[in-house]
Amino acid sequence: MRNEEDMNRGDSLPISGILRERISCRSFLPQPVDPQILRKVLEDAQRAPSNKNGQPCHVFIASGETRIQLEAQLVDMAATSLQAVRGNGSDPNMQGDFPGRYVELDGVYKERQYGAARALYGALGVQRADMQGRVDAMLANWRFFGAPHVAFFAMDRRFGLMPAVDVGIYAQTLALLMAERGISSCMQGALGSFSAPVRMAFNVSDQLGILFGMSFGYSDTTAPVNRARTERASLADVVFIRD
């Protein structure tokens, strides 16, 4: 992964190169992102497209003491939720502000999910029967994987599918702009599960709902978990072209 020094020398990968390099980073260095760099990236992300130029995405970024307080509160809430379902084979209710936000995958989609889980837990050295290890790995989401910054993406609760797509487009744009500057990230649906602490920290309007979040900072390239790699479906499975 390139860093800011590479950018200053003019070294820059095309988007295709960035996509080949990027991973969902799950272990970060404590080094924060320079505020001026972050502001520039956020300004550029404002150019992300949206349906009818509605620009429905609201972003709440926590660093420093706010981030520390959110971690403590969210880990406590998540641990309580996980403890409530542990042992009965069910998943915790993580629908958050948008009922139906999570839909159980099946078929080939479930197979891909299992493949990603095997890669992640394998890199962590967590066996399938190690329930505590699996819980600890899950709680790492709300510890933001040690990242110095975390972003929460929100939209108006009245909105449906298309504005949610726009929020996703914005988030992807932001992640790619960060990667261009050597800033790693991890998109996390889990960070939309317990919104109360985020609402309190940022005085978020009741009209807005938190969809998901993204931890970001500089990757700890020595961490075994960051060596996990997931497979991608073949082009023939997802793209269909006719002349």
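None of the values given here were measured: they were computed from a predicted structure. Computed over heavy atoms, backbone and side chain alike; hydrogens, waters and symmetry mates excluded.
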Give a yes or no on whether [X] and [Y] share a hydrophobic cluster (residues Ile, Leu, Val, Met, Phe, Trp, Tyr; joining criterion: side-chain heavy atoms under 4.5 Å apart).
X      : Y      : value
Phe28  : Val41  : no
Val126 : Leu139 : no
Val108 : Leu105 : yes
Leu211 : Tyr170 : yes
Val167 : Leu174 : yes

Is any side-chain heavy atom of [X] less than 4.5 Å from a side-chain heavy atom of [Y]?
X      : Y      : value
Phe152 : Ile210 : yes
Tyr218 : Ser184 : no
Ile37  : Arg181 : yes
Val204 : His58  : no
Ile169 : Ser50  : no
Val225 : Leu120 : yes

[X] and [Y] ion-paired at < 4.0 Å:
X      : Y      : value
Arg112 : Glu231 : no
Asp44  : Lys40  : yes
Arg199 : Asp97  : yes

Without swapping roles, check the side chain of [X] against the backbone of [Y] for a donor-acceptor pair under 3.5 Å.
X      : Y      : result
Ser185 : Phe216 : no
His149 : Pro32  : no
Arg22  : Ala179 : no
Arg143 : Val75  : no
Asp166 : Asn51  : yes
Glu71  : Phe144 : no
Trp142 : Met77  : no
Gln188 : Asn141 : yes
Thr80  : Asp76  : yes
Arg67  : Ala147 : yes

Within a 6.0 Å radius of atom [atom1] on [X], are there more than 12 heavy atoms belonging to other residues, nucleotides or ligands?
X      : atom1 : answer
Gln113 : CD    : yes
Asp206 : CG    : no
Glu43  : CD    : yes
Met162 : CE    : yes
Arg227 : CZ    : yes

[atom1]-[atom2] distance between [X] and [Y], expressed to the nearest 0.5 angstrom:
X      : Y      : atom1 : atom2 : value
Leu177 : Glu180 : CG    : CD    : 6.0 Å
Leu82  : Met138 : CG    : CE    : 5.5 Å
Leu42  : Leu38  : CG    : CG    : 4.5 Å
Asp220 : Arg26  : CG    : CZ    : 14.5 Å
Met178 : Cys25  : CE    : SG    : 12.5 Å
Arg134 : Arg128 : CZ    : CZ    : 5.5 Å

### Task
Please lay out, stage by stage, how Asn53 and Gln55 fare under the test side-chain hydrogen bond (donor to acceptor under 3.5 Å, both in side chains).
CA-CA 6 Å; Asn53 196 36; Gln55 303 177 58; 3.0 Å; yes
#### Entry: Pair Phe202 and Phe60, ring centroids less than 6.0 Å apart
yes
Looking only at heavy atoms, which two atoms of [X] and [Y] are closest? And how far apart?
X      : Y      : answer
Gln73  : Pro197 : OE1-CB, 3.4 Å
Tyr102 : Gly189 : OH-C, 3.2 Å
Gly160 : Met155 : O-CE, 3.6 Å
Thr173 : Ala48  : OG1-CB, 3.7 Å
Asp237 : Phe240 : O-CZ, 3.7 Å

### Query
Who are the ring-ring contact (aromatic ring centres under 6.0 Å, His included) partners of Tyr121, not counting sequence neighbours?
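ring-ring contact (aromatic ring centres under 6.0 Å, His included) list for Tyr121, sorted by chain: empty.
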### Query
Between the side chains of Ser27 and Asn226, does any donor sit under 3.5 Å from an acceptor?
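No, Asn226 and Ser27 have no side-chain donor paired with an acceptor closer than 3.5 Å.
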### Query
Can you find a side-chain donor-acceptor pair between Arg232 and Thr230 that sits under 3.5 Å?
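Yes, a side-chain donor-acceptor pair sits under 3.5 Å.
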### Message
For Asp106, give me all partners under side chain to side chain donor-acceptor pair (under 3.5 Å), at least two apart in sequence or on another chain.
### Response
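Asp106: no side chain to side chain donor-acceptor pair (under 3.5 Å) contacts found.
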